[in-house]
Amino acid sequence: MTKEELLSQLNESQREAVSYCDGASLVIAGAGSGKTRVLTYKIAYLLQEMGLAPWNILALTFTNKAAREMKERIARIVGEERARYLQMGTFHSIFARILRSEAAAIGYQSNFTIYDQADSRSLVKNIIKEMQLDEKQYKPASVADQISMAKNHVILPEAFAGCSLYDNKHPLVTDIYKRYVERCRQANAMDFDDLLVQTFLLFEHHEDIRRKYVEKFHFVLVDEYQDTNYAQQRILLQLTRERQRVCVVGDDAQSIYSFRGANIDNILNFRGAYTNARLFKLEQNYRSTQLIVEAANSLIRKNERQIPKDVYSHNEHGEKLQLKPAYSDREEAIIVCKDIRRIMREDHCEYSDFAILYRTNAQSRSFEEQMRKDGIPYRIYGGLSFYQRKEIKDVIAYFRTVCNPDDEEAMRRIINYPTRGIGNTTVQKVVDCAMQHGVSLFSVISMPVFYQLDVTKGTAAKLETFRQQIEAWRTKLDTEDAYTLGHAIIMESGISKDIYSSRNPEDLSRQENLEEFVAGMQDFVESRREEDQGDHVQLGDFLQEVALLTDLDSDSDEEQARVSLMTVHAAKGLEFPTVFVVGLEENIFPSPMCTGSMRQLEEERRLLYVAITRAEKHCILTCAQNRFRYGTLENDPPSRFIRDIDPKLLHVEGESAEAERPWRRSAGQQDWMQNPRPVATQFLADPKPRAVAKPKPEPPVDPFSQDFKRLLHTASGGRYKPVASVAPSAAVSASHSCGLREGSMIEHQRFGIGKVVRLEGTGDNEKATVEFRNAGTKQLLLKFAKYKVID
DNA sequence: CGGCCCCGCGTTTTT
DNA sequence: CGCGGGGCCG
């Protein structure tokens, strides 16, 4: 591709951003303005026009998926060969690689383990217990979050007491933090935040090493810059302050990750850090209709902290945003399902053209149920990651122990799994002993006599057997590939036996998960072998990959079109012709956890902005007046953000009933949010039957029955009326999230054609019993099964 | 040491 | 309501 051809693919502002390579630049890319396009073309431009070698370009992204997709797109422009050597990946994966090769300089071994959030929390919890603190006062999760936040701001334990995170009610967090850091070191482990902090410290204390990487990376690009935290910003500065050859791309209006340390000031003040930085704005939105863009603009304009910009669209006018009030979460789901059917008829589109976005994962439930009833195929993203499932974590803990026997959290997990008679008492003795001598658990187990470990003969023998088993696998680390060794560990450790001899035969999902995991391991080894040729793929390589991989990254070779259900956070970077933003009530969106500070409220508002701007053609908001949560009925007013949207751009269903819709009252009138909530709950049975001998004849109230509607009507003083008379859908034969019904014919990737004879389970545990023509009867865990519905 | 029962708790989430 | 952790008992 010539320079002219390359640049002709871009609009004027994109072209300017791409071709400016002389110094630092900040590209503010409005929603749908072709941000990824600019990044890919810019890298192509650097390669072709500026003559940079691919290994001299560093591109940092936030997800593996983003990195992979961008690499593919660049390969299409400049060819596989050159794209392959680009230094492209997430902050964490790139820095993990650097840290492994420079481990010695900071006193680590290069086989260090990466602790995930669960490991961090568990370690914090152990420390709190050992310090004999009250777990009510020092909640492990919250302390772990504080430590994480401190690290994101590069505040080391010594400085913690003086920082703003420190609060007088919990003075001992400082000590917990100190111990935590020590323990990570003893375990030769880094948590996710360490991958940043340690990289920063490495560059800060070892100028020679910093120079080496400055020399290596001639140009640095950062995607989603609005989501970087302080540590990331500092490292970026370390790498680029001499050359100033850096380009960051982002949208301050889409900064929604402050809860994990992202700091919107990074992008707002970029030109404070790089004084000569040029600013480019991409303001033309190619994704959405004009009315959607304008409605989103009207919302985000209510925020004070932002870089002024004027996002516009030249696409068709389109229709207004729709607001559809519902009585209950169940009716909300019914409305959405009806609308999906309606729009499919009108627009002749597929299930995969729809997304349902919500604030919290728990909200998926009502939609799941309704879509199953209606036979609408769907896929839920997020929730529990595959790698967070117990059986998978156990296997990984074995792998981790074999690669790095000092890994305390992994050791604790597997030392008595499967049960081998090493109970809590023994574990605690080993831990105490290790702490006393300042060594790892494995050191104590290896030399119990030397460390004067006080256990009975029998226990000592059990520990020794365990140690020998680990050591035996360790000798194979260099000679066997990840798959062979991993498979051996699963078989020989007794994990396999434990899972397959499980007393409840219904518990088949664990087996399938394990099989999926083993298959994934095999795939990994094979694909890596092709890439790197020759060298065999070690277990450690697999662990490195897995530690930084998530569910969303996994291959989604969708055979079947399905409606996507996910949180707004998970939807960032995606787009859909039709988007439903559901649950727009106070105490849901904005989340009740945000205390109302302006910063937090503005972030919640940006979150809604992100949700709306995912939509290409239709954007439909829903709001339920009553919602079951934790078994009780909640009744919240509509979200305050609804009032932030320009009323001219919002069509409320049942407009005629305006007077009765509290959120349509003009400003100045008494604030509807301050009105006492209508209490429908009082008409319902007390959800927790206490010992109090009260006559409690109330049968459970079906939230969709006529009775319930009447209750709501009375409770609200007649204010709430049905938005649409929606009959509960007639009993539909058992059907499935994947569009399956009993009797469906499917074509399975491995087993061929078969007939579904039974469906059971919900959510991730949905299983189908299928009679295959040529492969007999099989049970499939639908989350992982690869198949197509043919009838 | 292991299983069972009861109590408490419950934003967003990537790496 | 549903899950996970802690405590108690065999």
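Numbered from 1 within each chain, the chains take letters A, B, ... in sequence-line order.
- Atoms CG (A/Leu565) and P (B/dT12) sit 15 Å apart, rounded to a whole Å.
- Nearer to the 5' terminus of DNA chain B, by closest-nucleotide assignment, is the contact made by A/Lys136 (compared with the other of A/Ala362 and A/Lys136).
- Distances from the side chain of A/Phe192 to the nucleotides B/dT12, C/dG2, B/dT15 place B/dT15 closest.
- Within the 3.5 Å criterion, the main-chain N or O of A/Phe641 finds a donor-acceptor partner in the side chain of A/Ser639.
- Using a 4.0 Å heavy-atom cutoff across all strands shown, A/Lys125 reaches sugar-phosphate atoms only and no base atom.
- One can place CD of A/Glu135 at 19 Å from P of B/dC7, the figure rounded to the nearest angstrom.
- No contact: A/Asp193 has no heavy atom under 4.0 Å from any strand.
- Centroid-to-centroid, the aromatic rings of A/Phe259 and A/His569 come within less than 6.0 Å.
- In this structure, A/Asn416 reaches the sugar-phosphate backbone alone: every heavy-atom distance under 4.0 Å involves primed, P, OP1 or OP2 atoms, never a base.
- Counting non-hydrogen atoms under 4.0 angstrom, A/Phe259 reaches a base of the nucleic acid.
- Listed pair A/Thr90 / B/dT14 fails the phosphate criterion, with no side-chain N or O lying under 4.0 Å from OP1 or OP2.
- Where A/Gly421 and A/Leu607 each meet DNA chain B at their nearest nucleotide, the meeting point lying more 5' is that of A/Gly421.
- In summary, A/Glu603 and A/Arg606 engage in a salt bridge, as defined by a charged side-chain N under 4.0 Å from a carboxylate O.
- Counting any heavy atom pair closer than 4.0 Å across all strands shown, A/Leu196 reaches no nucleic acid atom.
- For B/dT11, the OP1/OP2 oxygens have no side-chain nitrogen or oxygen of A/Tyr257 closer than 4.0 Å.
- As a whole-Å value, the separation of A/Ile235 CD1 from B/dT15 C1' is 13 Å.
- Checked against the 6.0 Å centroid threshold, A/Phe517 and A/Phe542 count as a close aromatic pair.
- The residues A/Lys35 and A/Asp251 are annotated as not salt-bridged, no charged nitrogen and carboxylate oxygen being separated by less than 4.0 angstrom.
- If you check B/dT13, B/dT15, B/dC1 against the side chain of A/Asn361, the one that comes closest is B/dT13.
- If you check distances only, the side chain of A/Arg260 does reach the base of B/dT14 with a donor-acceptor pair under 3.5 Å.
- In this entry the distance linking CZ of A/Arg100 with C1' of B/dT15 reads 14 Å, nearest Å.
- Distances shown here put a side-chain N or O of A/Thr567 below 4.0 Å from the OP1 or OP2 atom of B/dT13.
- Distance, A/Arg359 CZ to B/dT13 C1': 10 Å, rounded to whole Å.
- Using a cut-off of 4.0 Å between Lys/Arg side-chain N and Asp/Glu carboxylate O, A/Glu369 and A/Arg330 are scored as not salt-bridged.
- Between A/Asn229 and B/dT14, a side-chain N or O to OP1/OP2 separation shorter than 4.0 Å is absent.
- Residue A/Thr459 is classed as having no contact, given no heavy-atom separation below 4.0 Å to the nucleic acid.
- A/Asn424 comes within 4.0 angstrom of sugar-phosphate atoms only, judged by non-hydrogen atoms across all strands, and of no base.
- Within the structure, a side-chain polar atom (N or O) of A/Thr426 is placed less than 4.0 Å from OP1 or OP2 of B/dC1.
- For A/Ser591, the listed nucleotide lying nearest its side chain is B/dT11; candidates were B/dT15, B/dT11, B/dC1.
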